[in-house]
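Let me begin by presenting the structure, written as structure tokens, before commenting on it.
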Number of protein chains: 2
Amino acid sequence: MKTLPVLPTICCGPETPPLDEHARTELAARFKALADPTRVAIVNRLAAANEVCVCDLTGAFELSQPTISHHLRLLREAGLVESSRRGTNAYYRLVPDAIAALRAALG
Amino acid sequence: MKTLPVLPTICCGPETPPLDEHARTELAARFKALADPTRVAIVNRLAAANEVCVCDLTGAFELSQPTISHHLRLLREAGLVESSRRGTNAYYRLVPDAIAALRAALG
DNA sequence: CGTCTTCATTGACATCCATCAATGTAACAC
DNA sequence: GTGTTACATTGATGGATGTCAATGAAGACG
């Protein structure tokens, strides 16, 4: 996976062209996935147990089930989590590389 | 500065109370500051040179001067950057601790 | 078959956000 | 003083976002 560093940059001076369009958009999209308190908390839960059933999440937050599902979708589309179904349940887990890539981008 | 870790969590199981309300909100607010391509690029520029004049930024992006000023304000309010004026110019620089705190929250 | 249960999707609504044009402010130059 | 330059702020607008109620889809269990 590409790293897209923010801190160690191409470098310097008023003449430097701004960060590649695609790189900015990519990074911003991933940060946007974490730009909501509920999604931060969901990622937190997923980090605590390496697999969490949606039913546990809907129980843990005072939000409707569709809202939780909506946030999970955003996290999934951002590539930060992945899911699999077993029976009628859906289980979500973090994508460690995606988190690591974000951390790398911050330095 | 408090660290607000996301990955190394309070820990575990469906019984675990969700992340402290204040902690989620705080973290989400900071990630939101990076949830826009222009702001990612601005932070990138600031990381490349440890002080950048606003005039250089307005020149580097194809956006109006008020829009750049708006983004700088958001970054400033999030505590990610700080500014000082010398003469008629304003110079912005990163707040390294704030960036480090975000990185820490990701692991 | 039918009925739950679990999750996803849709539709609607209120709020927030990125953007720009216009205006304001403050410092320099003359 | 006048004028100019560099940023900030305001106001307006189109688009995105978080939320829920209602509905849909797919398994499990009789």
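Residue numbers start from 1 in every chain, and the chains themselves are labelled A, B, ... in the order their sequence lines are given, proteins ahead of strands.
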List the steps, then state whether salt bridge (charged side-chain N to carboxylate O under 4.0 Å, His left out) holds for A:Glu82 with A:Arg76. CA-CA 6 Å; A:Glu82 58 186 9; A:Arg76 194 169 4 107; over 6 Å; no
In whole angstrom, give the distance that lies between atom [atom1] of [X] and atom [atom2] of [N].
X	N	atom1	atom2	value
B:Asp36	C:dC16	CG	C1'	13 Å
A:Phe31	D:dT17	CZ	C1'	20 Å
A:Asn89	C:dC4	CG	P	19 Å
B:Gln65	C:dT23	CD	P	15 Å
B:Leu63	C:dA18	CG	P	11 Å
B:Phe61	C:dT19	CZ	C1'	15 Å
B:Leu74	C:dT19	CG	P	10 Å
A:Lys32	D:dA16	NZ	C1'	8 Å

Side chain of [X] - closest among [options]:
X	options	answer
A:Pro66	D:dA8, C:dA8, D:dT19	C:dA8
A:Cys53	C:dA22, C:dA8, C:dC7	C:dC7
B:Val54	D:dC20, C:dT9, D:dC7	D:dC7
B:Ser69	C:dT5, C:dC28, D:dT9	D:dT9
B:His70	D:dT19, C:dC7, C:dA18	C:dA18

Establish, yes or no, whether the cationic atom of B:Arg86 lies under 6.0 Å from the six-membered ring centre of B:Tyr91 and within 45° of the ring axis. yes
Find which nucleotide of DNA chain D each of A:Glu62 and A:Arg86 is nearest to by heavy atoms, and output the residue with the more 5' nucleotide.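 The residue mapped nearer the 5' terminus is A:Glu62.
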Name the residue closer to the 5' end of DNA chain D, choosing between A:Arg85 and B:Arg85 according to the nucleotide with the nearest heavy atom. B:Arg85
If only side-chain N and O atoms of [X] are considered, is one of them under 4.0 Å from the OP1 or OP2 phosphate oxygen of [N]?
X	N	result
A:Thr67	D:dC20	yes
B:Ser64	C:dC20	yes
A:Tyr92	C:dT6	no

Less than 4.5 Å apart, any side-chain heavy atom of A:Leu102 and any of B:Leu102?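 Not touching, per the 4.5 Å side-chain cut-off.
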Mind checking whether B:Asp36 and B:His71 have side chains closer than 4.5 Å, heavy atoms only? yes
About how many Å separate CG of B:Leu27 and CG of B:Asp20, when rounded to the nearest 0.5 Å? 10.5 Å
Which is true for B:Arg39 with a 4.0 Å heavy-atom rule: it touches a base, it touches only sugar-phosphate, or it touches nothing?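 Result for B:Arg39 = sugar-phosphate.
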Have a look at A:His71 and say if it touches a base, only the backbone sugar-phosphate, or nothing, with a 4.0 Å heavy-atom cut-off.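 It contacts sugar-phosphate atoms only.
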